[in-house]
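For the single chain, residues carry numbers from 1 onward in sequence order. Heavy-atom basis, side chains included; hydrogens, waters and symmetry copies ignored.
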Amino acid sequence: MTAKKPLSFGIKTAPQHTTYEDMLAIWLAADAEPALEHAWLFDHFMPIVGDYKGPCLEGWSLLSAFAALTKRIRIGLMVTGNTYRHPTVLANIGATVDVISNGRLDFGIGAGWNEREHSSYGIPLYTTGERIRRFGEACEVIRQMWTEKAPTFEGRYYQIKEAYCEPKPVQKPYPPFVIGGSGEKLTLRIVAQYADIWNMAGGSIDDFKHKSAVLDEHCAAIGRDPNTISRSIQIPITPNDLAQTRELTQQFIDAGANHFILNLRPPFPEGIVRRLVAEVVEPLKAANQ
């Protein structure tokens with residue numbers, strides 16, 4: 001068994017009901033804080049909180065811009081919806097962002113779920129089972145696109161023939177896969193096979209402990225050390241009570257989580273990134289060394 005992974009903290013600014021300039025200010029502030037290691041957007045075309053008719057910037061386009069404007073922090077989408085893009089197209093998008101960022105992409109991906117977006121945009125959502133099986137095939141297609149010269153793949157849902165993806169990602173063998181989802185029979189089995197980081201987007205501490213134990217079982221079934229998969233959780237920020245944020249995060253640390261995404265919602269309070277580091281991240285790192 002390998003040693004357990006150290007604690008890792010980052011921020012998330014969902015690109016809904018806010019502006020490019022306000023999010024960029026948060027990302028540049030996070031990039032300047034060594035205690036923060038990663039920053040995230042989401043992958044939706046309409047807001048998923050508040051008025052769905054409000055402003056919402058496209059995730060991969062925005063991530064590409066932030067990749068060019070930041071220098072240190074790792075970057076990603078929490079998480080890409082597989083149904084929105086063919087995996088060969090997504091492999092090229094991800095490789096390009098990894099090149100732009102000089103090897104800082106954490107590749108977040110999930111099966112997709114938002115019914116309103118799919119019906120509004122005319123994108124097939126499929127049944128839950130098919131959607132997750134497609135997602136599993138997509139992970140394999142993308143991994144092959146990033147590691148093989150011109151892969152050919154004959155799956156149930158995806159077929160490719162001599163599919164080039166050049167240049168390859170900077171990171172070798174490929175950017176870390178960050179898989180979001182918690183379905184016990186199918187999704188967590190895909191996590192065990194492909195993920196470097198598993199994220200549970202929401203739920204109680206007991207839910208997290210249960211799902212994490214199920215993931216351990218799937219890892220055992222394929223002979224993978226479960227400690228090679230970081231356990232990730234998104235923590236809602238209460239700007240006026242960061243002690244509450246710190247307490248909740250500690251409870252998840254005690255439950256086995258080691259990768260934390262501090263979820264900021266607009267309007268972003270002035271100085272919030274520095275306060276998060278001083279009042280949440282640094283005390284937790286010191287207390288859990």
Side-chain angles (χ1 to χ4, degrees), residues 10 12-16 38-49 56 58-63 74-91 93-94 97-98 105-119 121 123-143 145-146 155 157-158 174-203 207-208 211-212 214-215 218-219 229-236 257 259-261 263:
K12 178 180 176 182
T13 59
Q16 58 184 351
H38 37 91
W40 304 86
L41 303 168
F42 73 16
D43 188 30
H44 291 285
F45 307 119
M46 304 177 187
I48 60 172
V49 174
C56 187
E58 197 280 319
W60 276 104
S61 304
L62 186 60
L63 189 68
R74 297 191 63 80
I75 62 173
L77 296 191
M78 182 57 61
V79 287
T80 307
N82 177 62
T83 48
Y84 296 144
R85 304 165 191 85
H86 193 281
T88 53
V89 174
L90 184 56
I93 294 170
V97 172
D98 199 54
L105 176 67
D106 284 337
F107 179 63
I109 188 169
W113 61 270
N114 191 290
E115 292 184 12
R116 172 175 282 132
E117 288 176 331
H118 287 78
S119 61
Y121 282 72
I123 300 171
L125 184 60
Y126 311 110
T127 63
T128 300
E130 179 175 347
R131 190 161 70 244
I132 297 171
R133 289 189 294 270
R134 283 176 173 271
F135 164 55
E137 279 195 12
C139 288
E140 181 61 29
V141 168
I142 292 165
R143 187 166 68 176
M145 293 280 287
W146 285 348
Y157 304 106
Y158 300 113
Y174 44 79
F177 274 62
V178 184
I179 294 181
S182 55
E184 295 181 17
K185 293 183 178 181
L186 295 177
T187 301
L188 290 178
R189 188 168 65 192
I190 296 170
V191 171
Q193 185 175 0
Y194 291 101
D196 299 279
I197 300 170
W198 163 61
N199 179 264
M200 189 178 85
D207 287 339
F208 174 80
K211 302 290 186 180
S212 191
V214 172
L215 176 56
H218 284 301
C219 287
I229 302 176
S230 291
R231 311 301 166 103
S232 176
I233 195 79
Q234 298 184 51
I235 303 290
H259 183 277
F260 298 93
I261 300 166
N263 200 342

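Between the side chain of Trp113 and the main chain of Thr128, no donor-acceptor pair closer than 3.5 Å is present. At least one donor-acceptor pair under 3.5 Å links the side chain of Thr80 to the backbone N or O of Gly108. Although no hydrogens or angles enter the test, the distance criterion places no donor-acceptor pair under 3.5 Å between the side chain of Gln234 and the main chain of Gly202. Under a 3.5 Å cut-off, the side chain of Arg131 and the backbone N or O of Thr83 do not form any donor-acceptor pair. No donor-acceptor pair closer than 3.5 Å links the side chain of Glu137 to the backbone N or O of Gly155. For the pair Ser119 (side chain) and Glu115 (backbone), a donor-acceptor distance under 3.5 Å is present.
Atom CG of Leu215 and atom CZ of Arg231 lie 4.5 Å apart (nearest 0.5 Å). To the nearest 0.5 Å, atoms OH (Tyr126) and CG (Asn82) are separated by 9.0 Å. For the atom pair CD1 (Ile190) and NE2 (His218), the distance works out to 10.0 Å, reported to the nearest 0.5 Å. For the atom pair OG of Ser232 and CG of Asn199, the computed distance is 4.0 Å after rounding to the nearest 0.5 Å. To the nearest 0.5 Å, atoms CD1 (Ile261) and CG (Asn263) are separated by 8.0 Å. Here CG of Leu77 is found 5.5 Å from CG of Asp43. Values are rounded to the nearest 0.5 Å.
When every heavy atom of Val49 is checked against every heavy atom of Gln16, the shortest pair comes out as N-OE1, 3.2 Å. Here the closest heavy-atom approach between residue Leu41 and residue Gly59 is recorded as CD1-O, 3.7 Å. Taking each heavy atom of Phe260 and His38 in turn, the nearest pair found is O-CE1, 3.2 Å. When every heavy atom of Pro176 is checked against every heavy atom of Asp106, the shortest pair comes out as CG-OD1, 3.5 Å. Residues Val79 and Ile109 share a closest heavy-atom pair of CB-N, 3.5 Å. In plain terms, the two heavy atoms of Leu62 and Pro15 that are nearest each other are CD2-CB, 3.8 Å.
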Where do Asp98 and Trp146 land on the side chain to side chain contact (heavy atoms under 4.5 Å, CB included) test, with the steps shown first? CA-CA 11 Å; Asp98 199 54; Trp146 285 348; over 6 Å; no
* Please test Ile142 against Tyr194 for side chain to side chain contact (heavy atoms under 4.5 Å, CB included), starting from the C-alpha separation and ending with a verdict. => CA-CA 11 Å; Ile142 292 165; Tyr194 291 101; over 6 Å; no
Query raised in the report: Given the rule in the salt bridge (Lys or Arg N to Asp or Glu O under 4.0 Å) test, do Glu130 and Arg134 qualify, once you have shown the distances and angles that lead to the verdict?
Result: CA-CA 6 Å; Glu130 179 175 347; Arg134 283 176 173 271; 2.9 Å; yes
| message | Between Met145 and Tyr174, does the side chain to side chain contact (heavy atoms under 4.5 Å, CB included) criterion hold? Intermediate values first, please. | response | CA-CA 10 Å; Met145 293 280 287; Tyr174 44 79; over 6 Å; no
One pair to check against side chain to side chain contact (heavy atoms under 4.5 Å, CB included): His259 and Trp198. What are the steps and the verdict? CA-CA 9 Å; His259 183 277; Trp198 163 61; over 6 Å; no
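You'll find the side chain of Leu63 reaches within 4.5 Å of the side chain of Leu105, heavy atoms only. Contact annotation: the side chain of Tyr157 never approaches that of Pro87 to less than 4.5 Å [non-hydrogen atoms, C-beta and beyond].
Checked against a 6.0 Å centroid threshold, the rings of Phe45 and Tyr84 count as neighbours.
Aromatic ring pairs are classed by plane angle as parallel below 30°, tilted from 30° to 60° and perpendicular above 60°; the pair Trp60 and Phe107 is tilted.
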